[in-house]
2 protein chains.
Amino acid sequence: MKPVGVELVVMTVLEGALEALLVRRSGNQWSLPAGTPAPEVPLQEAAAAVLARQTGITGIGLEQLYSFDRDGARRVAVAYLALIDAGRHALEPGSEVVEVRWFPLDDLPALPAEHAEALEYGRGRLRAKTAYAPVAVQVLPETFTLGDLQAVYEAVLGARLDTRNFRRDVLGAGVVEEAGMERRSGPGRPARLYRSVPGEEFAVVARERRIAGRVRPPG
Amino acid sequence: MKPVGVELVVMTVLEGALEALLVRRSGNQWSLPAGTPAPEVPLQEAAAAVLARQTGITGIGLEQLYSFDRDGARRVAVAYLALIDAGRHALEPGSEVVEVRWFPLDDLPALPAEHAEALEYGRGRLRAKTAYAPVAVQVLPETFTLGDLQAVYEAVLGARLDTRNFRRDVLGAGVVEEAGMERRSGPGRPARLYRSVPGEEFAVVARERRIAGRVRPPG
DNA sequence: TCAAAAGTGTTTCTCTTACACCCATGT
DNA sequence: ACATGGGTGTAAGAGAAACACTTTTGA
């Protein structure tokens, strides 16, 4: 009987860059939040529970990423993926861990090789998904500007997008609607606030109109 | 310790329609080939072994499909997907099963709900993959005509494709090459035979040029 | 010579991309 | 008044889709 474990690839966007959530159980070894679910509890619930227990984060949408079965490992690790708004979730290390932190993907601490692999896999999935699903709204507060949204897309894709094309595509896709308010912050014209259209936040269906087209290298 | 099992969604194309491989262990209950791997064997190998043991099919490429964790189930089922050429694999029910058969997807016997779900999921994956990966060559003998290939695409996509566009796209993608022979069967002009370009059979990378474009309803 | 299947180019249109300026505000 | 970020339209090009006839064979 080969047993199953869960691990969590949780990402956010901070200062225009993707960051991943890691925990430290003891010593200097960082890792993904991970645990071993009991047989009677559904796997996704178990994953959510592990996340809550170890990091304090609750109430987020998890998506199954991949089931890793590293050679030599005696157990299978089912990885779940989430993209969330760090600002809405305070980090509270649970009793099993001594520290919880966001790390920029390009400045990670030493990780078990399998966890680094899962992170990389998760980033690839996000990138792929970004082209056809409005995943980015998950990383933003309830209302946001199109500039915010574009910044998230750019962070996830690792590429710069054209503002006018981006707006045309996002608005054309019908996944956001105007909130009827403005936000002003320092100099510059106030930005209109939008919110995601109810029921469209987690839509995974391919859309007639892609939100982000073919990506070109930064520059 | 929640245990893990494997199950196999194996499909082929017969007479222009997708068919799935099912086994009957006893009585009238059909199901997907499935089993419980030992801890020390890698999951994908275990899945291949289950398939070989129960159906006699060996040496095919398996792709992880999804890990199902049906509510109430005490175990996780990692499903693997394959699309193969039925003509190249004789079916031999192993000792664990009494019968192995291909069933058209639109004429399936009664199945456990979870297995029907996995089949449906597999069909969706195939459809999605068809748009950017040359999966279809897996279902054909070593040499085949472009007409054969188009028929496979049409079966997987459940849609009719334009012959000229299809040929242009397939040849442009560079995944097949002429075998330098012809095949004649009954009346009609003989068809050139092609084979898949070595190394491209299992290429999963997105291609610049898609093989099958946006799909329109049959008619 | 007829029926049956294979093979072949071009045109149209849609979608993607590239691109530059004015607007509203804070300091 | 100037610096800062927000917001807008259009033209050119590439890719996808639509479309009909000729070729080669078996019967």
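Below, all heavy atoms of this structure are taken into account, side chains as well, without hydrogens, waters or symmetry copies. So you know, we letter chains A, B, ... as the sequences are listed, proteins then strands, and number each from 1. Being a predicted model, the structure only gives us computed values, none of them experimental.
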Within the side chain of A:Gln64, is there an N or O that forms a donor-acceptor pair under 3.5 Å with the backbone of B:Ser67? yes
Is the shortest side-chain heavy-atom distance between A:Val10 and A:Trp102 below 4.5 Å? yes
Between CE of B:Met181 and P of C:dA6 the distance, given in whole Å, is 16 Å
Distance-minimising heavy-atom pair for A:Leu51 and A:Thr55: O-OG1, 2.6 Å
Between B:Glu99 and B:Arg101, does any NZ, NE, NH1 or NH2 come within less than 4.0 Å of an OD or OE carboxylate oxygen? no
Review item, nucleotides 7-10 of chain D N/O atoms under 3.5 Å of protein N/O:
from	atom 1	to	atom 2	distance (Å)
D:dG7	OP1	A:Arg192	N	2.6
D:dG7	OP2	A:Arg167	NH2	2.5
D:dG7	O5'	A:Arg167	NH2	3.0
D:dT8	OP1	A:Arg192	NH2	3.2
D:dT8	OP2	A:Arg167	NH1	3.3

Take the angle between the ring planes of A:Tyr121 and A:Tyr66 and call it parallel below 30°, perpendicular above 60°, tilted in between. tilted
Round to the nearest Å and state the distance from B:Phe144 atom CZ to C:dA6 atom P. 14 Å
Expressed in angstrom and rounded to an integer, what is the separation of B:Asp169 atom CG from D:dG15 atom C1'? 10 Å
Given atom CZ of B:Phe166 and atom C1' of C:dG9, what is their separation to the nearest angstrom? 18 Å
Any pair with a residue in residues 135-148 of chain B that passes salt bridge (charged side-chain N to carboxylate O under 4.0 Å, His left out), sequence neighbours left out, goes on the list, sorted by first then second residue, please. B:Asp148-B:Arg183
Whole angstroms only, please: what is the CZ-C1' distance between B:Arg183 and C:dA6? 11 Å
If I take atom CD in residue B:Glu182 and atom C1' in nucleotide D:dG26, what distance separates them, rounded to the nearest angstrom? 14 Å
